[in-house]
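I have placed the structure first, in the form of structure tokens, so that the comments after it can refer back to it.
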Amino acid sequence: MSDQKLLEAAGSAAERAYVPYSGLRVGAVVTTADGTVYSGANVENAAYPSTLCAEAVAIGHAVASGERSLEVVAVISPDLQSIFPCGQCRQRMVEFDVQRVVVEGPDGGPASHTLEELLPGSFRDWREA
Ligand code: THU
């Protein structure tokens, strides 16, 4: 699936966001090597820190479906031009070897980033060091 199509799929997922507190709808999709696509949307909570980011839900969806190696994460918000994943979600992506993160670029088209760009020198499994 093209990066543009992934952003569109993430946009569809954002329509299912549960955001009574911030009103900021976010959608994400995760792809695997065989092209399977898993989606997620942010799920907020009255106890604000209990909120789940769209990326966390999409990654959880993929991992709980049996996936262990993820390729692309695309994230978008219909309420904000160009949203980038938060720090915790970048760390979640490191865990499952995400290759690229696709966001909406300044021109409205897809922009691709590596995790090395977004979270340089990230913490990894210390037992493998
Ligand atoms: N949010 C995401 O879903 N992903 C991000 O990368 C950043 C923030 C959500 C969490 C919360 O529901 C809302 O955006 C405002 O922080």
Side-chain angles (χ1 to χ4, degrees):
M1 201 183 273
S2 68
D3 288 357
Q4 179 61 38
K5 290 280 179 208
L6 290 176
L7 279 183
E8 286 169 20
S12 297
E15 288 166 21
R16 299 187 288 276
Y18 174 73
V19 290
Y21 305 104
S22 76
L24 183 71
R25 294 168 294 168
V26 184
V29 293
V30 168
T31 70
T32 61
D34 69 3
T36 309
V37 179
Y38 298 90
S39 65
N42 50 337
V43 181
E44 297 190 339
N45 193 281
Y48 298 169
S50 300
T51 289
L52 297 171
C53 285
E55 301 92 318
V57 173
I59 291 168
H61 187 180
V63 173
S65 298
E67 306 290 356
R68 291 294 180 270
S69 183
L70 309 180
E71 286 213 331
V72 181
V73 172
V75 56
I76 198 166
S77 170
D79 305 312
L80 189 66
Q81 156 89 68
S82 197
I83 188 166
F84 273 81
C86 78
Q88 275 195 333
C89 286
R90 294 177 195 202
Q91 182 67 31
R92 291 186 174 104
M93 292 174 200
V94 168
E95 184 74 18
F96 297 103
D97 296 323
V98 168
Q99 304 297 303
R100 296 189 303 118
V101 178
V102 174
V103 298
E104 199 177 19
D107 60 357
S112 181
H113 300 273
T114 64
L115 271 182
E116 196 48 44
E117 284 175 69
L118 298 180
L119 194 65
S122 58
F123 183 76
R124 289 167 190 271
D125 188 351
W126 55 272
R127 297 166 303 174
E128 290 170 10

Which atom of Asp79 lies closest to which atom of Gly23, heavy atoms considered: OD2-O, 3.4 Å
Any Val63 side-chain heavy atom under 4.5 Å of Arg68 side chain: yes
Side-chain heavy atoms of Asp3 within contact of Arg100, under 4.5 Å: yes
More than 12 heavy atoms from other groups under 6.0 Å of CD on Gln88: no
Shortest non-hydrogen contact from Val57 toward Ala41: CG2-O, 3.4 Å
Aromatic ring pairing Tyr21/Tyr48, orientation class (parallel under 30°, perpendicular over 60°, tilted between): tilted
Exercise: identify the closest heavy-atom pair between Cys89 and Ala56: SG-N, 3.9 Å
Arg90 side chain vs Pro85 backbone, donor-acceptor pair below 3.5 Å: yes
Point-to-point distance, once rounded to the nearest 0.5 Å, from CD of Glu15 to CZ of Arg25: 7.5 Å
Leu6 side, atom CG; Gln4 side, atom CD - distance, nearest 0.5 Å: 9.5 Å
Contact check, side chains of His61 and Val29, non-hydrogen atoms, under 4.5 Å: no
Closest non-hydrogen atom pair between Pro110 and Val102, with its separation: CB-CG1, 3.8 Å
Same apolar cluster: Leu80 and Val73, side chain cutoff 4.5 Å: yes
Considering all heavy atoms, the nearest Val30-Ala62 contact: CG1-CB, 4.1 Å
Partner residues of Tyr18 under the ring-ring contact (aromatic ring centres under 6.0 Å, His included) criterion, sequence neighbours left out: none
Under 3.5 Å: donor-acceptor pair, side chain of Glu44, backbone of Pro49: no
Worked verdict on Met93 versus Ile59 for side-chain contact (heavy atoms from CB on, under 4.5 Å): CA-CA 8 Å; Met93 292 174 200; Ile59 291 168; 3.9 Å; yes
Shared hydrophobic cluster, Val37 / Phe96 (ILVMFWY, side-chain heavy atoms < 4.5 Å): no
Within one Ile-Leu-Val-Met-Phe-Trp-Tyr cluster: Val98 and Phe84, side-chain cutoff 4.5 Å: yes
Cluster overlap Leu118 with Val75, hydrophobic side-chain contacts below 4.5 Å: yes
Path from Val19 to Leu52 over hydrophobic side-chain contacts below 4.5 Å: no
Lys/Arg N to Asp/Glu carboxylate O, Arg92 vs Glu95, below 4.0 Å: no
Close side-chain approach of His113 and Val103, heavy atoms under 4.5 Å: yes
Stepwise side-chain contact (heavy atoms from CB on, under 4.5 Å) test for Thr32 and Leu70: CA-CA 5 Å; Thr32 61; Leu70 309 180; 4.1 Å; yes
Check: Ser82 side chain, Gly105 main-chain N or O, donor-acceptor pair, under 3.5 Å: no
Least distance between heavy atoms, Pro78 atom then Ala14 atom: CD-CB, 3.7 Å
Thr31 side chain to Thr36 backbone, donor-acceptor under 3.5 Å: no
Main-chain N/O of Phe123 paired with Gln91 side-chain donor or acceptor, under 3.5 Å: yes
Side chain to side chain, Leu24 and Ile83, heavy atoms closer than 4.5 Å: yes
